[in-house]
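Note that this is a predicted model, so its numbers are computed, not measured. Proteins get letters first, then strands, A, B, ... in listed order; numbering begins at 1 in each.
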Protein chains: 2
Amino acid sequence: MRQTSDIREMTGYALAKVCKAHRSSVGELLGRIGLHAGQEMVLVELWRQDRLRVCELAGRLGVEPPTATRMIQRLEGCGLVVRQRDPDDARSFRVSLTEKGRSLEESVTRCWNEVEEKAFAGISQEECRGLRDLLTRIRNNLETGMG
Amino acid sequence: MRQTSDIREMTGYALAKVCKAHRSSVGELLGRIGLHAGQEMVLVELWRQDRLRVCELAGRLGVEPPTATRMIQRLEGCGLVVRQRDPDDARSFRVSLTEKGRSLEESVTRCWNEVEEKAFAGISQEECRGLRDLLTRIRNNLETGMG
DNA sequence: CAAAAGCATTTAGCTGGCTAAATATATTAT
DNA sequence: ATAATATATTTAGCCAGCTAAATGCTTTTG
């Protein structure tokens with residue numbers, strides 16, 4: 001059994017605390033280039049593949065459509081992305097990077113790398129790989145059978 | 001070097017995704033007992049030690065004081081906690097659990113245990129312990145030298 | 001071909017997070 | 001004692017998340 005009466009002893013609790021620290025660290029660095037924590041994820045997806053629909057973006061980000069809509073509106077307000085009607089489906093919009101949005105890739109990656117360096121200092125490549133594998137398994141466990 | 005040009009390959013990225021899934025899973029179960037994700041953390045701290053000041057609570061939760069203030073206001077609105085002036089310091093409030101707040105411990109713990117079971121299915125006690133150790137080291141890395 | 005069902009997006013309103021700034025009390029230094 | 005500084009809390013306003021519900025277009029069905 002994995003039952004515990006103290007939430008603070010659970011592995012999920014440790015996970016949540018680490019994640020908060022990570023997001024906070026990334027957020028601080030992103031703030032210097034005018035982004036809020038979470039916004040860079042939209043850019044990450046668009047750097048990989050441009051002209052995504054709002055719902056595709058929401059799916060890849062793992063957020064609900066209304067969340068994606070508002071993030072896109074704000075990123076559009078900052079001039080990082082543009083929305084264009086989909087010629088094949090009048091319901092959809094295609095979200096594309098602007099030159100300004102594309103140009104942020106390097107600095108955002110630098111922010112993430114900096115946090116990565118700090119977070120995993122003193123942790124071997126071996127341990128990191130094992131960790132990533134474990135995290136993948138956990139994520140699969142959590143995401144199967146819902147959403 | 002740990003440098004990568006693709007954020008999606010970073011361990012921190014895997015961490016963030018797992019954490020989102022975890023919070024989402026916990027949040028779904030908490031919703032059934034009338035709580036939002038994150039609110040249970042306030043209760044966790046108060047179950048451990050009651051009559052904490054707002055700033056102590058913020059410190060233990062790892063959030064800023066204004067965030068703690070509003071969470072407490074809402075929990076007070078739900079009748080789960082009460083604020084009482086600190087007799088020794090007129091600036092401070094002491095936050096205490098109500099009977100209703102105290103009574104939630106069992107069901108909140110059940111929610112977390114349920115997610116724990118699901119998240120770590122097929123993962124040994126050994127692996128879990130190693131994971132917790134690693135997460136502790138990462139958290140220490142991230143939290144030293146800031147906030 | 002018209003009605004029904006489904007899908008993409010948005011709006012409204014709630015919550016947890018943040019920073020900056022205001023308020024009030026304590027403490028410390030002069 | 002008074003002034004300056006520090007601390008505790010709150011307010012206002014921003015952002016990322018969510019759900020429920022509205023809108024408008026597509027597709028399917030009868």
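- Here the side chain of B:E117 pairs no donor or acceptor atom with the backbone of B:V115 at under 3.5 angstrom.
- Between the B:K17 side chain and the A:T136 main chain, no donor and acceptor come within less than 3.5 Å of each other.
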Quick one: side chains of residues 58-79 of chain A, donor-acceptor pairs under 3.5 Å with protein atoms, not counting sequence neighbours, listed by atom name and distance.
{"residue": "A:R60", "atom": "NH1", "partner": "A:Q49", "partner atom": "OE1", "Å": "3.2"}
{"residue": "A:R60", "atom": "NH2", "partner": "A:Q49", "partner atom": "OE1", "Å": "3.3"}
{"residue": "A:T69", "atom": "OG1", "partner": "A:P65", "partner atom": "O", "Å": "3.2"}
{"residue": "A:E76", "atom": "OE1", "partner": "A:R83", "partner atom": "NE", "Å": "3.4"}
{"residue": "A:E76", "atom": "OE2", "partner": "A:R83", "partner atom": "N", "Å": "3.3"}

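- Here C:dC7 presents its C1' atom at 9 Å from CZ of A:R53, a figure rounded to the nearest Å.
- The distance from the CZ atom of B:R94 to the CG atom of B:D50 is 10.5 Å, given to the nearest 0.5 Å.
- Taking atom CD of A:E56 as the reference point, atom C1' of C:dT9 lies 13 Å away to the nearest angstrom.
- Two different hydrophobic clusters hold B:L104 and B:V82 under the rule that ILVMFWY side chains link at heavy-atom gaps under 4.5 Å.
- Comparing B:C55 and A:D89 against DNA chain D, the residue whose closest nucleotide sits nearer the 5' end is B:C55.
- Taking a cutoff of 4.0 Å between a charged side-chain nitrogen and a carboxylate oxygen, A:R110 and A:E114 do not qualify as a salt bridge.
- Atoms CG (A:L52) and C1' (C:dA8) sit 14 Å apart, rounded to a whole Å.
- In terms of phosphate contacts, B:Q73 brings no side-chain nitrogen or oxygen within less than 4.0 Å of OP1 or OP2 of D:dT9.
- Side-chain atoms of B:R23 come within 3.5 Å of backbone atoms of B:A37 as a donor-acceptor pair (strictly under, hydrogens ignored).
- At whole-Å resolution of the value, CG in B:D88 and P in C:dT25 are 16 Å apart.
- Base engagement by A:T69 is indicated by at least one non-hydrogen atom pair under 4.0 Å involving a base atom.
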Given protein heavy atoms under 4.0 Å, the one-letter contact record of nucleotides 12-18 of chain D, with B base, S sugar-phosphate only and - none, is simply -B-SBBB
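- Side-chain contact between B:L80 and B:L35: present, with at least one pair of heavy atoms (C-beta onward) separated by less than 4.5 Å.
- Regarding A:L30, its CG atom lies at a distance of 14 Å from the C1' atom of C:dC18, rounded to whole Å.
- Rounded to an integer number of Å, the gap from CG of B:D86 to C1' of C:dA26 is 12 Å.
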Using atom names, set out every protein N or O paired with an N or O of nucleotides 2-6 of chain C below 3.5 Å, distance rounded to 0.1 Å.
{"residue": "C:dG6", "atom": "N2", "partner": "A:R91", "partner atom": "NH1", "Å": "3.0"}

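- For the pair B:R48 and A:D6, the salt-bridge criterion is not met [side-chain N within less than 4.0 Å of a carboxylate O].
- Rounded to a whole Å, the CG atom of A:L61 is 13 Å from the P atom of C:dT9.
- As rounded to whole Å, 14 Å separates atom P of D:dA8 from atom CZ of B:R60.
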